[in-house]
There are 2 protein chains.
Amino acid sequence: MKEENIHKFEKPSVTVDIVIFTIKNNDLKVLLVKRNLEPFKNMWAIPGGFVRISESLEQAAKRELKEETGVSDVYLEQLYSFGDVNRDPRGRVITISYFALLNSDEIKLRATTDVSEAKWFSVKEIPKLAFDHEEILNYAIKRLKWKFEYTTIAFSFLPEKFTLTQLQKIYEFVFEKEFDKRNFRKKILLLNILKKEKIDKQVSHRPPQLYSLKKKIKEIIEIV
Amino acid sequence: MKEENIHKFEKPSVTVDIVIFTIKNNDLKVLLVKRNLEPFKNMWAIPGGFVRISESLEQAAKRELKEETGVSDVYLEQLYSFGDVNRDPRGRVITISYFALLNSDEIKLRATTDVSEAKWFSVKEIPKLAFDHEEILNYAIKRLKWKFEYTTIAFSFLPEKFTLTQLQKIYEFVFEKEFDKRNFRKKILLLNILKKEKIDKQVSHRPPQLYSLKKKIKEIIEIV
DNA sequence: TCAAAAGTGTTGTGTGTACACCCATGT
DNA sequence: ACATGGGTGTACACACAACACTTTTGA
């Protein structure tokens, strides 16, 4: 540990990139922004930005998330750090990637700020991305699936009150396959984390049971 | 994305820290180094160092690992990045933590280099650590246990040829509890990743069957 | 023949999977 | 009465847990 002077070594730039997922129109979507500057001008990229010297990594991620989507109290988890020497043609840039899960009720994409465009893309129709962002996105999708399998993260995509059918659809979008209704409901109810809510009746069929979480979602998901 | 100039923002320093585990003397151990400079002089810390401007994060981690232990082809996985503003009293330092698993045959702690001392500590007897290294270590232990449960990472602690009893002991050290021999063996053999090796006979009891992995360990462990 | 560790099978319990029909409501 | 999505139970297969004795070797 030769660290008598932390300024002895040339420093890299550090950014955070946030892979923002939601479910919309029966599909798993990710938010991408169009770059309006070189390099990779006019290409789509994962939203992100530089970490300020006086904010933590998580603060930086939350700030960027808020700038892009206006939301501030959502599921946000650090993913992985990417630091290949040539991943950014402008110089040495290390990025710490995060992923966030939103339910689409919460979202209002910034109409404000600068010219760059932001848009939801189906994970099945991702364009060519700037930098190493394809790698970051693939990693995020892998982790997302993994989290769905082993945790209760799926609830992050849902509003406060929801039906079991809604929940099941979310699992089906993420895994791109169908599940048996009876088995699915059995498994979910056995977790014993849901409570019944009053039924809303204005559908032209049997009205569904509404559920909500017994506890706040952050108390349920264990981060590994 | 306002990044016309990557030097617009003041840059943090970036380090890698490597939590190095091994099994020795019937115990799970972690390698710590004694700091010989301020801050935290004379306190124990997780080995690490600054990322050079022309090496990737993984190269930096491998370089540090080699400097500390002399080994170069071991299991190494990125853990998490820590970037609180005040985690280092000297200034803004972001660290990307890694964890490595060694089998103790491979190790020869550097006798070379500088004055600082390196020593194996039982995870049950960790001294007070410098910086936020206690948090990093706790995170590493949590991840290690998790990996043991859901992957075949345990083999990283073993030499090329090993017995099932050796393997079982490793699980027992990590989980700090005992397993049933018959069930354990059944489960492992069902994985179908082991092949029998010739039996070595120089023990004063029934000689154990030696096994080795059918494939290289890196092809077996899936990183999540 | 003894000490020391290796090796081996069966039974019960719980978890996951496959599968088809009736229910409640609005129109 | 019908169309629409909501809701429910049982049987089988497989994975996991509990449990005790015999085998092989060197001394």
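By convention in this document, chain letters (A, B, ...) are assigned in the order of the sequence lines, proteins followed by strands, and residues within each chain are numbered from 1. Because the structure is a prediction, the values reported are computed rather than measured.
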For B:Thr163, report the nucleic acid contact type (base, sugar-phosphate, nothing); a contact means any heavy atom under 4.0 Å. nothing
Using a heavy-atom cut-off of 4.0 Å across all strands, would you classify B:Gln202 as base, sugar-phosphate, or nothing? nothing
Answer yes or no for A:Lys181 and A:Phe179: cation-pi contact, defined as NZ/CZ to six-membered ring centre under 6.0 Å and angle to ring axis within 45°. no
Tell me: CG of B:Leu190 to C1' of D:dA15, nearest whole Å? 9 Å
Looking at B:Tyr171 versus B:Phe173, is the centre-to-centre ring distance below 6.0 Å? no
Once you round it to whole Å, what is the distance between P of D:dA15 and CD1 of B:Ile188? 15 Å
Separation of B:Gln168 atom CD from C:dG7 atom C1', in whole Å? 12 Å
For A:Ile199 and C:dT25, give me the distance from atom CD1 to atom P, rounded to whole Å. 8 Å
May I ask you to check whether B:Trp120 and B:Trp44 place their ring centres under 6.0 Å from each other? no
Would you call the rings of A:Phe155 and A:Phe162 parallel, tilted or perpendicular, taking 30° and 60° as the class edges? tilted
For B:Gln209 and D:dT24, what is the distance between atoms CD and C1' respectively, to the nearest whole Å? 13 Å
Return whichever of B:Gln166 or A:Arg206 has its heavy-atom-nearest nucleotide of DNA chain C closer to the 5' end. B:Gln166
In this structure, how many angstroms lie between the P atom of C:dT25 and the NE2 atom of A:His205, rounded? 12 Å
What residues in residues 169-187 of chain A put a non-hydrogen atom under 4.0 Å from any atom of DNA chain C? A:Asp180, A:Arg182, A:Asn183, A:Lys186
Please report whether the ring centroid of A:Phe157 lies less than 6.0 Å from that of A:Phe21. no
Given atom CG of B:Leu191 and atom C1' of D:dC16, what is their separation to the nearest angstrom? 14 Å
Looking only at the side chains, is there a donor atom on one of A:Glu160 and A:Ser212 sitting less than 3.5 Å from an acceptor on the other? no
Without decimals, in angstroms, what is the distance between A:Tyr150 OH and C:dG16 P? 12 Å
Could you tell me which residues satisfy salt bridge (charged side-chain N to carboxylate O under 4.0 Å, His left out) with A:Lys62, sequence neighbours excluded, listed by chain and number? A:Glu58
Counting only side-chain heavy atoms from C-beta out, which of D:dT24, C:dG26, D:dG6 sits nearest to A:Ser204? C:dG26
